[in-house]
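Each remark here refers to the structure printed beneath this line.
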Number of protein chains: 2
Amino acid sequence: MPLNRDRILNTAFTLLNQYGLADLSMRRLATELGVAPGALYYHVKNKQELLASLASRILNDVPFPAEQGEIDRIFADVYSHLIPVKEAAEVVRLALALDPHQLQFLDHLTTYLTHHTGSQQAPLAALTLVHVALGFIEQDQTRYLLGNSPPPTEAPLPYRQAIQAVFTGFLK
Amino acid sequence: MPLNRDRILNTAFTLLNQYGLADLSMRRLATELGVAPGALYYHVKNKQELLASLASRILNDVPFPAEQGEIDRIFADVYSHLIPVKEAAEVVRLALALDPHQLQFLDHLTTYLTHHTGSQQAPLAALTLVHVALGFIEQDQTRYLLGNSPPPTEAPLPYRQAIQAVFTGFLK
DNA sequence: ACCTGAACACCGTTCAAGT
DNA sequence: ACCTGAACACCGTTCAAGT
């Protein structure tokens, strides 16, 4: 089994899921793959680039409804896809900051909003909706990481109300 | 000059401002204060708690208009206060996740929204507005940290449009 | 081409011992 | 009460050398 980019990304995802971002170190990753730390740098530029790739993978896995879906449904899916992955929101935000256009989800959302609202503010609306979603998801994730409440599987009401309000705010 | 919590926080703020979050380490902080690393832990629980305190300080310094201000003005002030402080958005978000009620700015904003809109959704609206502001500020900060554009001192148009849209979205 | 070994320059945190 | 010295268990990244 040779070392390659895909095996590294898969193991990184498992590590993130199981132990969180703090334990996702290059050295830990190397150990898990049975390889010397330096070997990773033959397949990956550095840790930042690895995390950005990981984020694209996570977010692009969110199913995007072909036509008839409502934004409520879309962002409910975003929520339930990201919430079980530890610190997924932070990782996605990192990718968003580094290179927004690497996230095809954002492009999909933008064209969706353009078609369904006709507003030329669609790119701004898409970005704003993503910021709100990541903000709430991150807050919920850290809250249940501190052990104070169980992880919700469905998007909670405040989250959905916030998304809805932001959406209607851009309708005029 | 004895070591105390306030001196530590001041030096931490300077370090954050000058070199960014990556160089704000406990060891670096100790060196800057002319003290052994372990000494810090007599005045501060750990790094997380220090960063949370730092965030409260940064956000609570934003001037809050007594009565007649518009939200546009409030969030323009948030922008111009946070944008020059490197990684201020991340630090504030950390504090927000750990303990939202430690940030009195959020409470001020909530009562402001309650008075000016009468909506019982005010707490949710306040939180959403803060998420949006932090999201855009963080994006702008990293963009100019990568050297591609100069740091804006005034809140840019997209930011203000987004804030405005979110606000009106919560008006009904 | 791909990987190891070993090093470089760091981390956060703890804790006996000193004053 | 407050701080030092020293240790513990780690980091990300580079790079000569091996295959």
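So you know, we letter chains A, B, ... as the sequences are listed, proteins then strands, and number each from 1.
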Quiz item: Which listed nucleotide (C/dC2, D/dT13, D/dT4) is nearest to the side chain of A/Y42?
Solution: C/dC2
Quiz item: Would you find a donor on one side and an acceptor on the other, under 3.5 Å apart, between the side chain of A/E138 and the backbone of A/A88?
Solution: no
Quiz item: B/A39 has a side chain; which of D/dC3, C/dT4, C/dG12 sits nearest to it?
Solution: D/dC3
Quiz item: If each of A/P37 and B/A36 is mapped to the nucleotide of DNA chain D with the nearest heavy atom, which maps nearer the 5' terminus, i.e. the 5' end?
Solution: B/A36
Self-check item: Closest-nucleotide 5' rank along DNA chain C - winner of B/S25 and B/G38
Solution: B/S25
Quiz prompt | Spacing of A/L21 atom CG relative to D/dC11 atom C1', expressed in whole Å | solution = 14 Å
Practice problem: Measure from the side chain of A/R27, starting at C-beta and using heavy atoms only, and say which of C/dC11, D/dG5, D/dT13 lies closest. | Solution: D/dT13
Exercise. Can you tell me the distance, in whole Å, between the CD atom of A/E49 and the P atom of D/dT13?
Key: 11 Å
Quiz item: Is the backbone N or O of B/K45 less than 3.5 Å from a side-chain atom of B/E49, with the two atoms forming a donor-acceptor pair by type?
Solution: yes
Quiz item: Across all strands, who's sitting opposite C/dC15 as a Watson-Crick or G-U wobble pair, both distances under 3.5 Å?
Solution: D/dG5
Quiz item: Could you state the CE-P distance from B/M26 to C/dC15, rounded to the nearest angstrom?
Solution: 16 Å
Self-check item: Donor-acceptor pair, side chain of B/S53 and main chain of B/L50, under 3.5 angstrom
Solution: no
Self-check item: Check: B/K86 side chain, B/L15 main-chain N or O, donor-acceptor pair, under 3.5 Å
Solution: no
Exercise. Could you check which of D/dT13, C/dT13, D/dT4 has an atom nearest any side-chain atom of B/K47?
Key: C/dT13
Quiz item: Quick check: does any side chain N or O of A/Q141 sit under 3.5 Å from a backbone N or O of A/V85, one acting as donor and the other as acceptor?
Solution: yes
Quiz item: Given atom CG of B/N46 and atom P of C/dT13, what is their separation to the nearest angstrom?
Solution: 5 Å
Exercise. Check every atom of C/dC11, D/dG12, C/dT4 against the side chain of A/V35 and return the nucleotide holding the closest atom.
Key: C/dT4
Quiz item: Between A/H43 and C/dC3, does any side-chain N or O lie under 4.0 Å from OP1 or OP2?
Solution: yes
Quiz item: Can you check the A/Y41 OH to D/dC11 P distance for me, whole Å?
Solution: 11 Å
Quiz item: Taking NZ from B/K45 and P from C/dT13, how many angstroms apart are they, rounded to a whole number?
Solution: 9 Å
Exercise. For nucleotides C/dA9 and D/dC8, find the distance between their P atoms and express it as a whole number of Å.
Key: 22 Å
Self-check item: For A/R7, salt bridge (Lys or Arg N to Asp or Glu O under 4.0 Å) partners two or more places apart
Solution: none
Practice problem: Provide, to the nearest angstrom, the distance between the CD atom belonging to B/E32 and the C1' atom belonging to C/dC10. | Solution: 16 Å
Exercise. Can you sort out which residues in residues 3-13 of chain B have a heavy atom within less than 4.0 Å of DNA chain D? Ascending by number, please.
Key: B/L3
Quiz item: Can you tell me if B/R5 and B/N10 form a side-chain donor-acceptor pair at under 3.5 Å?
Solution: no
Quiz item: How close or far is atom C1' of C/dC11 from atom CZ of A/R28, stated in whole angstroms?
Solution: 18 Å
Quiz item: Is it true that a side-chain atom of A/Y159 and a backbone atom of A/F75 form a donor plus acceptor pair closer than 3.5 Å?
Solution: yes
